[in-house]
Amino acid sequence: MNLSLLTTLTFLPLAGAILILLIGSGDEETAARNAKRTALWTSLVTLAVSLVVLSNFDWNQPGFQMVEESSWLSGIVKYRMGIDGISLGLILLTTLLMPICILMSWTAIKERVKDFMVAFLILETLVLGVFCALDMVLFYLFFEGSLIPMFLIIGVWGGQRRIYATYKFFLYTLAGSVLMLIAMIIMIAEAGSADIRVLLAHDFPAAMQIWLWLAFFASFAVKMPFFPVHTWLPAAHVEAPTSGSIILAGILLKLGGYGFLRFSLPMFPDASVALAPLVQWVCVIAVIYASIIAFVQDDIKKLVAYSSVAHMGVVGLGLFSGNIEGVQGAYFLMISHGLISGALFACIGVIYERAHTRDIMAFGGVVKVMPLFAVMMMLFTMANIGLPGTAGFVGEFLALAGSFKSVSTMTAVAALSMILSAIYGLWLYRKVVSGDVTNDLVLGLKDMNGREIAALAPLAILTIILGFYPSLLLDLSQLSVSTMIAPMEEVLANMHKASAIVSQGAAQ
Amino acid sequence: MLSFVVLFPLLGAMLAGIFAYRGSKLPAQMISTILVGCAMVMSFVLFFTLGDAEVTKVTLFRFIEVGDIDASWVLRLDLLSAVMLVVVTTVSFLVHLYSFGYMADDDDRAKFFSYLSLFTFAMLSLVTADNFLQMFFGWEGVGLASYLLIGFYYKKESANAAAMKAFVVNRVGDVGYALGIFLAAMTFGSISFDNMFAKLSDPSFVDAGFMFLGINWPLLELMGVLLFIGAMGKSAQLLLHTWLPDAMEGPTPVSALIHAATMVTAGVFLVCRMSPLYELTDFASGLMTFVGATTCLYAATVALAQNDIKRVIAFSTCSQLGYMFFAAGVGAYQVAMFHLFTHAFFKALLFLGAGSVIHAMHHQQDMRSMGGLRKILPHTYAMMLIGTIAITGLGIPGTPIGFAGFFSKDAVIEVAHAASGTMSGYAFWVGIMAAFLTALYSWRLIFMTFHGEYRMDKHDYEHAHEAPRVMLIPLYLLAFGAVFAGILTKGIFFGHGDDMMNIWDGIVAGGISLIDEAHEVAYWVKVAPFVVSVAGLLVAWNYYMRHPKDVQRWIDDFPLLHRIFTNKWYFDELYQHLFVNSLHRLGMFFRNSFEVSVDRFGPDGIGNIMMQLSGRFSSLQSGFLFHYALAMICGVVLLLGLAIYLAMSGISS
């Protein structure tokens with residue numbers, strides 16, 4: 001029965017997209033309504049299927065599960081699907097965020113609704129494919145392919161400068177993916193297979209690892225995004241429609257972290273240890289730089305976008321700490337950031353749809369007219385700041401704790417982001433939500449409607465549940481993460497042993 | 001029962017929150033107050049049934065368990081937490097009650113009660129924590145509640161600014177605290193208190209070093225310093241104190257509960273909880289003594305020159321917290337807790353009394369516009385008088401008769417004299433000086449507010465009224481505490497050798513022999529605090545009652561000193577320039593210069609080159625999606641081609 005569960009999950013949204021194209025006759029309004037309903041139902045069924053996957057998942061097995069394999073062109077490249085705890089968490093995040101995105105674009109998207117929904121469902125298929133793929137070529141196909149619908153979503157339904165934003169986005173990612181492609185060719189030639197399991201077991205020569213690592217880094221660093229290749233992100237966010245921002249921050253930013261966790265850390269452990277300082281420097285700079293730049297923004301979306309860059313810096317620090325606390329923390333932070341920043345972009349969408357501006361200074365006193373919105377905004381702002389008791393705290397704390405074990409002074413610098421995030425987060429809340437109502441624009445705002453509450457409530461509930469009982473997610477990924485970082489831990493242990501011998505020798 | 005004590009206020013907060021959203025006010029107020037009241041009764045039961053040196057734990061469920069981080073939600077009850085339970089629930093209940101009257105005219109009062117209960121929950125989970133992480137939860141939770149309550153009057157820009165300042169400055173301390181936790185986790189492989197303390201007995205840790213910020217630190221000293229930075233933030237010690245006076249923007253009951261009796265004492269609680277660590281760290285403890293003593297004196301000088309009645313009391317709190325810290329710093333943790341305990345009563349009393357005055361004066365807080373109020377507010381006056389006698393520590397020297405502060409403050413000063421640390425001499429003399437200043441500013445407040453001529457305008461005078469009974473009852477009860485808290489609990493906190501050993505064994509490390517020595521200090525040391533306190537009273541009486549005009553002459557004679565005191569030694573201005581402005585400038589520089597140049601050399605630059613090459617920039621723009629897809633397909637073809645090639649060559653070989 002499990003034989004095709006992952007395939008079903010992955011291609012179900014695509015089937016929904018085809019259905020929308022087929023039934024889309026009649027007048028424009030009906031067609032739009034039908035498209036929206038079909039898309040919503042498809043995403044909900046996909047969510048249900050992902051829960052079936054979860055219920056069939058064996059939490060005590062560290063390796064890949066529900067593996068599907070069918071011959072595809074050659075014995076080296078095959079259609080291989082399979083998941084472990086790491087992919088499953090991200091799959092669930094994707095299937096959860098999709099219906100929320102569709103709900104948030106229900107009235108915000110007015111033109112070419114049908115095409116929009118099709119693009120979204122195709123995007124879902126491609127992203128789920130990234131997390132399910134157990135073959136590197138398949139991974140590449142999904143990984144690069146997922147950007148095409150994203151380009152379209154920004155380029156067609158975006159704001160004023162959408163073409164420029166998409167172009168920027170495109171240039172950065174293209175540069176990275178060319179290098180990754182070359183690395184993949186070398187890897188297949190070296191290991192003789194594109195099977196990720198085979199590649200994980202293969203010992204790549206240390207010298208080759210460095211080059212492969214750098215090539216993958218070029219691609220994943222753009223996706224994360226790391227400083228200084230982050231400038232596409234604020235631009236893309238500002239131009240993207242609300243649901244585009246949710247998916248961008250919630251899921252597409254996680255592809256880079258997933259790539260590090262699946263490829264760089266376990267396949268190139270020597271290079272990961274050797275080049276960890278590079279990542280740590282880049283991340284510490286990103287954390288501080290992005291946090292400082294966040295609070296001089298006028299656009300609410302830009303502020304949250306820079307806050308994403310800062311958080312992803314903490315993810316990077318955790319990933320390259322080389323210990324379980326750090327990597328588990330980074331993984332948890334990826335998921336929690338998906339929930340929280342997704343929710344924040346949804347909140348921004350709520351007021352943008354009403355006020356048609358995202359200028360921070362245009363607001364003030366929103367709490368008076370939108371009390372429920374104010375509560376939501378407070379919750380997600382606090383979660384974004386990393387308040388204990390919310391999901392935002394757990395990952396950040398663990399990632400920094402792990403990183404502290406590896407590089408304590410740099411972590412101390414990065415920990416200053418605790419202060420800086422409070423500054424920009426609370427400043428935003430103070431200017432937008434608190435204060436007295438000073439203009440008619442705010443006075444005319446209406447509180448969230450049922451659809452918006454339905455979209456935000458699951459995120460709010462999960463943010464709190466994961467804040468108090470994070471084991472729910474930590475247990476899911478614990479074994480897989482241990483497996484993925486075991487090679488790196490081994491390299492580190494050997495290094496310590498070697499340095500101990502050296503210092504012993506010196507003492508004698 | 002312990003779980004109920006902690007969870008009842010949470011339930012109250014949630015129910016009150018729901019009522020608040022539905023717009024019903026009285027049910028929200030009633031339910032939250034009753035639930036906190038129940039928690040208070042249970043806390044007293046727990047306190048009185050607690051055996052000597054007893055520790056009980058209630059495990060709820062798992063929290064974060066990854067590697068060295070091994071935290072569960074566990075409620076811990078021992079004498080240290082039991083004392084805090086009593087303080088927190090009692091003051092919280094009385095403040096809830098008081099707020100029925102004080103907030104009666106506020107439309108958002110249901111929300112206010114919800115926040116108060118939320119605060120109580122967070123504070124209780126802080127004091128019952130059994131590991132660092134849960135304590136951090138409570139620690140930041142009280143910070144959140146404090147933020148919400150300071151900014152309660154959300155229409156006022158100054159209140160919003162103060163709320164944000166409080167949160168951010170606290171976060172500075174929290175970074176230190178978090179780093180301390182990381183270091184502890186890494187060192188001990190655990191962040192639960194008992195595991196840590198058990199490992200501390202291993203002497204190898206004392207000599208261990210740790211590279212941090214380019215300095216090779218003694219590991220435990222570093223841990224002590226980092227955790228103390230956390231305590232400094234929460235307890236408003238010097239350098240991280242600037243948020244506390246601004247926090248007075250919140251409604252006065254909040255100031256009494258959070259910024260006097262409970263939250264600000266969390267730092268003192270933390271260092272007492274960490275006594276096994278601080279027993280081993282000379283440098284960190286010395287730093288604590290120094291910072292505590294300096295804050296004690298600094299805040300007292302500022303309190304002298306403030307005219308806002310709440311700010312005087314705020315700086316007084318800051319100063320009294322300094323006493324607690326240097327008591328802990330010299331190693332008398334029990335004495336620090338003693339002063340924390342008595343201070344909670346008389347300081348909450350003073351704040352609620354001030355609230356009663358402000359309520360009567362229609363939110364006038366400037367003492368220069370008060371005067372003569374003892375006739376209009378006789379009950380409030382009497383209660384404030386009791387609070388003032390308690391804080392200045394009046395009693396009959398040589399006898400066990402006196403107000404609360406008489407016992408605890410004298411104990412603090414005596415242990416500072418008895419201690420032998422490098423900073424203890426400094427702390428002792430500063431403590432004596434601050435005791436004089438305490439009496440001076442406290443009596444100044446009383447004389448300016450309640451005595452002399454009426455200085456308010458006619459409208460305020462005619463509408464001034466004594467507080468309703470619901471506000472006065474909490475005052476009476478706190479006054480009872482301010483009178484008797486010292487006499488009744490002296491044996492627990494400042495008793496003699498063997499008794500103390502039985503009570504505190506395994507809960508607080510050290511302190512007992514020091515306290516024994518403190519009982520034996522010279523007679524003049526015992527009398528000195530009393531003498532300076534009376535002197536302070538006399539000086540205040542002379543200047544503010546007999547010759548009020550002389551005050552102005554003093555100010556004219558020492559204008560610089562007066563300006564420094566009035567402006568709180570210019571810390572706010574300094575920080576504004578040093579941090580706020582430069583951070584903003586840096587942000588603007590990054591935004592306008594750096595981001596732009598990254599783009600210029602990055603995507604824009606490449607785009608320009610391409611345009612020059614092809615001359616068809618526009619077609620590139622619209623066609624890049626096609627290019628991207630093409631590149632990707634090429635990639636796939638390349639990969640597949642390679643795979644087929646490899647497969648074929650594999651077959652042929």
Side-chain angles (χ1 to χ4, degrees), chain A residues 73-77 137 140-141 144-145 147-148 151 155 163 167-168 170-172 174 181 184-185 188-189 192 194 228 231 289 292-293 295-296 323-325 328 367 371 382 387-389 394 398 400-401 404-405 408-409 412 415-416 418-419 422-423 426-427 430 434-436 469-471 474, chain B residues 21 61-69 136-137 140-141 144 151 154-155 157 160 164 167-168 171-172 174-175 178-179 181-183 185-186 211-214 583-584 586-588 590-591 595 598-599 602-603 606-607 621 624-625 628-629 631-632 635-636 638-640 642-644 646-647 650:
Chain A
L73 290 171
S74 80
I76 292 168
V77 176
V137 176
Y140 175 79
L141 197 64
E144 299 297 339
L147 289 176
I148 295 177
F151 289 151
I163 298 295
Y167 161 70
K168 215 167 167 181
F170 157 75
L171 263 184
Y172 273 122
L174 185 69
L181 178 69
M184 284 183 165
I185 291 171
I188 294 173
T231 58
Y289 174 83
I292 290 178
I293 208 167
F295 61 74
V296 293
N323 55 56
I324 186 78
E325 294 93 338
Q328 272 280 60
V367 62
M382 281 298 165
L387 191 82
V394 180
L398 278 174
L400 289 175
F404 189 86
K405 279 169 101 169
S408 48
T409 301
L416 295 178
M418 283 173 62
I419 307 168
I423 296 177
L426 295 182
W427 186 77
R430 175 177 153 196
S434 295
D436 208 353
Y469 195 73
S471 302
L474 291 170
Chain B
Y21 183 68
F61 50 90
R62 299 161 65 201
F63 189 20
I64 302 181
E65 293 173 354
V66 179
D68 298 337
I69 310 289
F136 198 53
F137 164 76
E140 293 243 300
L144 168 69
Y154 62 87
K155 288 179 190 161
E157 192 50 35
N160 290 325
M164 186 172 157
F167 197 94
V168 170
R171 271 268 159 143
V172 176
D174 292 355
V175 169
L179 292 174
I181 301 177
F182 298 157
L183 185 60
M186 182 177 170
M211 278 302 286
F212 185 69
L213 300 174
L583 217 54
H584 195 260
L586 197 60
M588 289 310 264
F590 285 160
R591 179 180 130 178
E595 291 282 287
V598 167
D599 279 351
I606 295 168
Q621 269 187 337
F624 66 79
L625 192 68
Y628 182 82
M632 199 191 101
V636 173
L638 211 60
L639 281 172
L640 291 180
L642 174 80
I644 292 165
L646 285 175

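In terms of heavy-atom pairs under 4.5 angstrom with chain B, the leader among Ile185(A), Ile324(A), Leu416(A) is Ile185(A).
If you measure heavy-atom distances from Phe404(A) to chain B, the contacts under 4.5 Å come from both the backbone and the side chain. Contacts between Ile181(B) and chain A at a heavy-atom distance below 4.5 Å involve the side chain alone, from C-beta outward. In this structure, chain B has heavy atoms under 4.5 Å from both the backbone and the side chain of Glu325(A). For a residue to count as touching a neighbouring chain, one of its non-hydrogen atoms must lie under 4.5 Å from one of that chain's; by this rule Ala412(A) touches chain B with backbone and side chain alike.
Note that the CE atom of Met382(A) and the CG atom of Leu144(B) stand 5.0 Å from one another [nearest 0.5 Å]. Expressed to the nearest 0.5 Å, how far CE of Met588(B) lies from CD1 of Ile293(A) amounts to 10.0 Å. A distance of 10.0 Å separates CD of Glu157(B) from CG of Asp436(A), quoted to the nearest 0.5 Å. Considering CG of Asn160(B) and CH2 of Trp427(A), their distance stands at 13.0 Å, rounded to 0.5 Å. From Phe61(B), atom CZ reaches atom OG of Ser471(A) across 9.5 Å, with rounding to the nearest 0.5 Å.
Remark: side-chain polar atoms of Ser434(A) are not paired, donor with acceptor, to backbone N or O of Lys155(B) under 3.5 angstrom. Arg591(B) places a side-chain N or O within 3.5 Å of a backbone atom of Val296(A) that can act as its donor or acceptor partner.
Contact between Asp68(B) and Lys405(A) at its shortest, heavy atoms only, is OD2-NZ, 2.7 Å. Here the closest non-hydrogen pair linking Ala415(A) and Leu179(B) is CB-CD2, 4.2 Å. Across every non-hydrogen atom of Phe63(B) and Pro470(A), the tightest pair is O-CG, 3.4 Å.
The shortest distance between side-chain heavy atoms of Glu65(B) and Leu474(A) does not fall below 4.5 Å. Side-chain contact between Ile423(A) and Leu583(B) is present, with at least one heavy-atom pair separated by less than 4.5 Å.
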TODO: Take Phe167(B) and Leu387(A) through the test side-chain contact (heavy atoms from CB on, under 4.5 Å) and record every step on the way to the result.
DONE: CA-CA 11 Å; Phe167(B) 197 94; Leu387(A) 191 82; 4.1 Å; yes
